[in-house]
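Report on the structure given below.
Just the heavy atoms: all of them, side chains too, but no hydrogens, waters or symmetry mates, feed the values below.
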Amino acid sequence: EVELVQSGGGLVQPGGSLRLSCAMSGFRYVNYCLAWFRQAPGKVREQRERVATLTTAPVTTDYADSVKGRFTVSRSDDKNTLFLQMNNVKPEDAGSYFCAARAGDCSFVPGYFHSWGQGAQVTVSS
């Protein structure tokens, strides 16, 4: 099973930038969907919203409309770390961010992902 360990997060001012990282290990297949989800305050796990996804074979990326042009999902050259670069951060971007992985096609549904990072809090405040 894929193991995910997150780092990053913290306080960022509106308009600022932040990068989240997710160290990955335990891959067994070629095709995975790697994703970042956001859990807003007061929401439960099943209500996490997909922010961005990256497929590994072929390599494609996709974003929620609310973050297009501002966030970028990518992997390290050794493919062992997933990143979410957050630029021009807005107050509505605040929440707990989780990286996730599933073998096969991508999904927007949190329940379809079997591996999760521990989460990182993003607070947007001046």
Side-chain angles (χ1 to χ4, degrees):
E1 186 170 318
V2 177
E3 294 189 3
L4 306 174
V5 179
Q6 293 182 230
S7 59
L11 175 66
V12 59
Q13 294 184 343
S17 297
L18 195 67
R19 189 174 80 163
L20 307 180
S21 299
C22 177
M24 309 180 291
S25 62
F27 290 106
R28 297 177 59 188
Y29 307 106
V30 174
N31 185 25
Y32 282 85
C33 177
L34 309 174
W36 287 98
F37 284 83
R38 177 175 61 238
Q39 184 170 339
K43 301 292 187 180
V44 298
R45 178 185 177 121
E46 292 74 18
Q47 295 173 303
R48 292 174 183 172
E49 297 179 338
R50 188 228 37 164
V51 173
T53 55
L54 183 151
T55 60
T56 60
V59 177
T60 65
T61 57
D62 193 36
Y63 300 90
D65 288 343
S66 61
V67 306
K68 281 181 180 177
R70 300 188 297 119
F71 290 12
T72 302
V73 59
S74 64
R75 280 190 304 176
S76 58
D77 289 343
D78 62 8
K79 302 180 182 178
N80 290 330
T81 305
L82 185 72
F83 300 108
L84 183 68
Q85 179 66 41
M86 307 167 65
N87 295 331
N88 189 20
V89 174
K90 300 179 179 181
E92 54 263 39
D93 295 327
S96 296
Y97 282 73
F98 296 86
C99 58
R102 71 182 300 269
D105 296 336
C106 271
S107 171
F108 291 9
V109 180
Y112 289 170
F113 286 80
H114 308 298
S115 298
W116 289 88
Q118 77 275 23
Q121 184 67 34
V122 173
T123 301
V124 183
S125 176
S126 55

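No side-chain donor-acceptor contact under 3.5 Å links S74 to the backbone of F83. Using a distance-only test at 3.5 Å, with no hydrogens or angles considered, no donor-acceptor pair links the side chain of T61 to the main chain of V73. The main-chain N or O of V109 is never found under 3.5 Å from a side-chain atom of R48 such that the two would form a donor-acceptor pair. A donor-acceptor distance shorter than 3.5 angstrom exists from the side chain of Q6 to the backbone of G119, with no hydrogens or angles considered.
Criterion: ILVMFWY side-chain heavy atoms under 4.5 Å apart, direct or through other members. Under it, W116 and L84 are not part of a common hydrophobic cluster. At a threshold of 4.5 Å between side-chain heavy atoms, the hydrophobic network of Ile, Leu, Val, Met, Phe, Trp and Tyr places L34 and F98 in two separate groups. Under a hydrophobic clustering in which Ile, Leu, Val, Met, Phe, Trp and Tyr are joined whenever their side-chain heavy atoms come within less than 4.5 Å, directly or via other members, F37 and V67 fall into different clusters. Using a 4.5 Å cut-off between side-chain heavy atoms of Ile, Leu, Val, Met, Phe, Trp and Tyr, with links allowed through other members, V51 and M86 fall into the same hydrophobic cluster.
Other residues, nucleotides and ligands contribute only 12 or fewer heavy atoms inside 6.0 Å of the CG atom of D77. Within 6.0 Å of CD on E3 lie no more than 12 heavy atoms contributed by other residues, nucleotides or ligands.
Counting heavy atoms from C-beta on, the side chains of M24 and Y32 never come closer than 4.5 Å. Two residues are said to be in side-chain contact when any heavy atoms from C-beta on lie closer than 4.5 Å; R38 and V122 fail this criterion. Between S115 and E1 the shortest side-chain heavy-atom distance falls below 4.5 Å. Residues Y112 and D105 have side chains not in contact (no heavy-atom distance under 4.5 Å, counting atoms from C-beta outward). Put simply, the side chain of L18 does not reach to within 4.5 Å of the side chain of L11, judged on heavy atoms. Using a 4.5 Å cut-off on side-chain heavy atoms (C-beta onward), W36 and F71 make no contact. In this structure the side chain of T56 never reaches within 4.5 angstrom of the side chain of K79, judged on heavy atoms.
Smallest separation of non-hydrogen atoms from A103 and Y29: CB-CD1, 4.0 Å.
R19 and Q85 are not linked by any side-chain donor-acceptor pair at a separation below 3.5 angstrom, with hydrogens and angles left out of the test.
Between D93 and K90 there is no salt bridge, since none of the side-chain N atoms of the basic residue sits less than 4.0 Å from a carboxylate O of the acidic one.
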